[in-house]
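Report on the structure given below.
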Amino acid sequence: MTIMEERRPTATHVEELARLKRQVHEGPGERATSAQHARGKLTARERIQLLMDEGTFSEVEPLRRHRATGFGLEANRPYTDGVITGWGTVHGRTVFVYAHDFRIFGGSLGEAHATKIHKIMDMAITAGAPLVSLNDGAGARIQEGVSALAGYGGIFQRNTRASGVIPQISVMLGPCAGGAAYSPALTDFVFMVRETSQMFITGPDVVKAVTGEEITQNGLGGADVHAETSGVAHFAYDDEETCIAEVRYLLSMLPQNNRDVPPRVDPDDRADRRTDAVLDLVPVDGNRPYDMTKVIGELVDDGDYLEIHERWARNIICALARLDGQVVGIVANQPQSMAGVLDIAASEKAARFVQLCDAFSIPLVTLLDVPGFLPGVDQEHGGVIRHGAKLLYAYCNATVPRISLILRKAYGGAYIVMDSQSIGADLTYAWPTNEIAVMGAEGAANVVFRRQIAAADDPEAMRARLVKEYKAELMHPYYAAERGLVDDVIDPAETRTVLIRSLAMLRTKHAELPSRKHGNPPQ
């Protein structure tokens with residue numbers, strides 16, 4: 001036998017490798033798998049299989065095991081150490097993933113576990129590809145002490161370094177408590193599944209001990225709580241299969257990284273399709289509500305769009321859609337909820353979305369029908385000035401193509417904040433029913449003509465006459481266009497065509513911000 005022949009792997013070597021791989025793939029055994037299924041949850045590998053294109057997943061460090069001793073750990077050293085890491089493709093494009101395996105140490109994070117996650121995160125940043133985390137873990141591994149905590153620090157640091165560089169998506173498929181919850185909060189999108197996923201800093205037992213309040217895990221940090229009340233979760237679904245399918249759909253709308261552009265698809269919808277239906281959807285009377293989502297459905301390709309934070313701050317809509325096959329971000333007031341006013345939550349929701357679109361080269365289309373900011377002591381004391389400034393800062397800082405369209409009314413500071421021409425919108429259009437003003441005619445007349453109304457023999461008749469005059473002089477549909485604050489007043493039925501042509505012209509837009517380390521946005 002030659003030296004070269006001695007170095008070749010024998011059949012025994014190959015068989016041993018295959019046995020190890022089977023052992024790794026099967027995990028801790030059927031009993032643990034059955035227990036996971038009994039909780040209404042899939043295993044980590046089943047989840048990865050749903051996420052990735054069939055047969056494309058490549059695992060990294062499947063044979064990694066912890067080196068910890070004490071507290072019985074030295075006798076229990078399973079392969080993978082409770083986390084599966086690797087890459088594959090979603091719709092033919094590379095995506096990196098890590099998935100906690102709750103069957104092993106409850107998916108808890110130890111030193112080896114964290115090192116695997118750090119490595120896959122570094123690989124995703126280097127390769128310039130999205131990172132998806134499938135979270136189902138019991139937090140830091142207590143037996144490994146401070147080493148586990150340091151592992152979380154490394155994840156947070158990488159989340160921050162990857163922010164605005166690659167898309168980061170957190171999918172919550174089980175518990176996530178304590179410091180572990182901060183990693184999802186640092187990512188671009190958070191998905192949750194009802195009943196089986198929870199997120200909180202301190203659990204129900206701690207809450208009860210400190211405050212005396214009794215609450216369940218789902219009541220404290222379940223999917224509906226975070227989708228409707230806290231705004232932590234962008235999406236909430238009833239089952240894991242639907243949730244992961246929607247993750248795949250979201251990835252199809254995002255670029256690979258900040259140097260890329262979102263993928264274009266050939267639409268079935270004609271670019272020059274008229275949108276006559278919007279004439280019946282939007283009442284001329286500015287005080288009558290309507291559903292802005294129906295308007296969006298008429299404008300975008302095939303009526304298909306993905307609403308972000310659908311159930312939180314419903315007075316504003318943030319959505320990803322396509323116009324002539326190109327991905328756009330849509331920000332729109334929702335007159336059906338709180339008349340479409342801006343408030344603290346709506347400002348935060350829209351500001352984060354605008355920043356996301358700007359980071360990943362997604363053009364912005366803003367649909368305005370806004371009566372102003374929500375008045376009230378709670379809003380002022382809660383910092384509506386500070387929070388409203390976040391939206392203003394996000395728009396002013398954005399360098400992607402920006403188009404705004406005023407459907408009906410746009411009053412006061414809310415008009416300026418919602419991507420007006422004065423803060424840098426590339427193109428501003430309006431429908432013939434638009435009213436742009438400091439405030440509504442009734443309120444303006446009460447301020448400007450207060451003495452005249454009070455001195456009149458018939459104050460109500462005088463008020464009605466002055467309101468009519470104010471509207472005719474300062475709030476007619478062409479007032480802003482005459483002063484160059486609106487680029488054109490357009491036929492609502494031609495809105496889709498106008499938007500598509502404008503976006504095509506702006507596709508090669510190049511804008512740079514002043515040289516600086518970073519801005520200091522309002523907090």
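Partners of Gln36 by side chain to side chain contact (heavy atoms under 4.5 Å, CB included), not counting sequence neighbours, listed by chain and number: Arg39, Lys41, Thr43, Arg47, Phe102, Arg103, Asp136. Residues forming a side-chain hydrogen bond (donor to acceptor under 3.5 Å, both in side chains) with Tyr395 (at least two apart in sequence, or on another chain): Thr366. With sequence neighbours excluded, the residues satisfying salt bridge (Lys or Arg N to Asp or Glu O under 4.0 Å) with Asp369 are Arg408, Lys409. Taking the side chain to side chain contact (heavy atoms under 4.5 Å, CB included) definition, one finds that Asn257 meets it with Ile166, Arg259, Asp260, sequence neighbours left out.
Side-chain atoms of Asn135 and Ser133 include a donor-acceptor pair closer than 3.5 Å.
In this structure a side-chain-to-backbone donor-acceptor pair under 3.5 Å is missing from Asp301 to Asp269. Distance alone, capped at 3.5 Å, is enough to place a donor-acceptor pair between the Arg402 side chain and the Ala398 backbone. The closest donor-acceptor contact from the side chain of Thr56 to the backbone of Thr89 lies under 3.5 Å. Arg158 contributes a side-chain N or O that, together with a main-chain N or O of Gly154, makes up a donor-acceptor pair within less than 3.5 Å. With His309 contributing its side chain and Gly231 its backbone, the two residues share a donor-acceptor pair below 3.5 Å. With hydrogens and angles disregarded, no donor-acceptor distance shorter than 3.5 Å links the side chain of Asp324 to the backbone of Ile500.
Of all heavy-atom pairs spanning Thr94 and Pro130, the tightest one is O-CD, 3.5 Å. The heavy-atom pair separating Leu391 from Ala350 by the smallest distance is CD1-CB, 3.7 Å. Considering all non-hydrogen atoms of both residues, Thr229 and Trp312 come closest at O-NE1, 3.6 Å. Counting all heavy atoms, side chain and backbone alike, Gln523 lies closest to His387 at O-CE1, 4.4 Å. Nearest heavy-atom pair across Gly519 and Tyr393 is CA-OH, 3.1 Å. Scanning all heavy atoms of the two residues, the minimum distance from Asn258 to Gly164 falls at CB-O, 3.2 Å.
Atom CG of Leu50 is separated from atom CD of Glu240 by 8.5 Å, given to the nearest 0.5 angstrom. Remark: Arg194 CZ to Thr242 OG1 distance equals 10.0 Å, nearest 0.5 Å. Here the CG atom belonging to Leu364 is positioned 10.0 Å from the CG atom belonging to Leu503, to the nearest 0.5 angstrom. Distance check: Glu380 CD to Ile344 CD1 gives 8.5 Å after rounding to the nearest 0.5 Å. How far OG of Ser347 is from CZ of Phe373: 4.5 Å, rounded to the nearest 0.5 Å. In this structure, OG1 in Thr33 is found 11.0 Å from CG in Leu42, a value given to the nearest 0.5 Å.
When the shell of 6.0 Å around CD1 of Ile385 is examined, it contains 12 or fewer heavy atoms from other residues, nucleotides or ligands.
Note on residues 509-519: pairs passing side chain to side chain donor-acceptor pair (under 3.5 Å), not counting sequence neighbours, are Asn397-Arg516, Asp426-Lys509, His510-Glu512.
Residues Arg31 and Ser34 fail the side-chain proximity criterion, which asks for heavy atoms closer than 4.5 Å. Contact check for Ser422 versus Ile416: side-chain heavy atoms found under the 4.5 Å cut-off. Annotation: side chain of Thr216 is not in contact with side chain of Pro204 (no heavy-atom distance under 4.5 Å). For the pair Ile84/Ile48, a side-chain contact is recorded, criterion being any heavy-atom separation below 4.5 Å from C-beta on. Counting only heavy atoms from C-beta outward, the side chains of Met199 and Pro184 approach each other to under 4.5 Å. Residues Glu348 and Lys390 have side chains in contact (heavy-atom distance under 4.5 Å, counting atoms from C-beta outward). Side chains of Phe200 and Val232 form no contact here, defined as non-hydrogen atoms less than 4.5 Å apart. The shortest side-chain heavy-atom distance between Leu299 and Leu367 falls under the 4.5 Å cut-off.
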Test Lys208 against Glu213 for salt bridge (Lys or Arg N to Asp or Glu O under 4.0 Å), laying out the working first. CA-CA 5 Å; Lys208 182 179 179 180; Glu213 299 170 287; over 6 Å; no

Could you check Asn315 against Asn333 for side-chain hydrogen bond (donor to acceptor under 3.5 Å, both in side chains), going step by step and ending with a plain yes or no? CA-CA 6 Å; Asn315 43 323; Asn333 305 108; over 6 Å; no

Go through it in stages, so that I can follow the logic: the residues are Gln198 and Met172, the test is side chain to side chain contact (heavy atoms under 4.5 Å, CB included), and I'd like the CA-CA distance, side-chain angles, deciding distance and then a yes or no. CA-CA 8 Å; Gln198 303 89 28; Met172 315 311 296; over 6 Å; no

Would you check, one step at a time, whether the test side chain to side chain contact (heavy atoms under 4.5 Å, CB included) holds for Asn159 with Thr187? CA-CA 7 Å; Asn159 283 139; Thr187 61; 3.8 Å; yes

Applying side chain to side chain contact (heavy atoms under 4.5 Å, CB included) to Tyr305 and Thr293, what does each step give before you reach the verdict? CA-CA 9 Å; Tyr305 61 91; Thr293 63; 3.2 Å; yes

Set out, in order, the CA-CA distance, both residues' side-chain angles and the distance that settles side chain to side chain contact (heavy atoms under 4.5 Å, CB included) for His113 and Ile117, then state yes or no. CA-CA 7 Å; His113 184 118; Ile117 295 175; 3.6 Å; yes

Show the numbers, then the answer: is there a side-chain hydrogen bond (donor to acceptor under 3.5 Å, both in side chains) between Ser404 and Asp419? CA-CA 6 Å; Ser404 62; Asp419 206 18; 5.4 Å; no

Run the numbers on Glu46 and His37 for side-chain hydrogen bond (donor to acceptor under 3.5 Å, both in side chains), then give the verdict. CA-CA 11 Å; Glu46 289 170 339; His37 289 162; 3.0 Å; yes

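Ion pairing of Lys116 with Glu61 is absent here, as no side-chain N (NZ or NE/NH1/NH2) approaches a carboxylate O to less than 4.0 Å. The pair Asp81-Arg64 does not meet the salt-bridge criterion, since no charged nitrogen lies less than 4.0 angstrom from a carboxylate oxygen. A salt bridge between Arg322 and Asp266 is absent, with no side-chain N of the basic residue lying under 4.0 Å from a carboxylate O of the acidic one.
Taking the six-membered ring where tryptophan is involved, the planes of Trp87 and Phe96 are tilted, since the angle between them lies from 30° to 60°. A perpendicular orientation is assigned to the rings of Tyr98 and His100, their planes being inclined by more than 60° (bins at 30° and 60°).
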Using distance only, find each side-chain donor-acceptor pair of residues 246-255 under 3.5 Å and give its atom names and separation, not counting sequence neighbours.
from: Arg248; atom 1: NH1; to: Leu51; atom 2: O; distance (Å): 2.7
from: Arg248; atom 1: NH1; to: Asp53; atom 2: OD1; distance (Å): 3.2
from: Arg248; atom 1: NH2; to: Asp53; atom 2: OD1; distance (Å): 3.2
from: Tyr249; atom 1: OH; to: Asp304; atom 2: OD1; distance (Å): 3.3
from: Tyr249; atom 1: OH; to: Asp304; atom 2: OD2; distance (Å): 3.0
from: Ser252; atom 1: OG; to: Tyr249; atom 2: O; distance (Å): 2.5

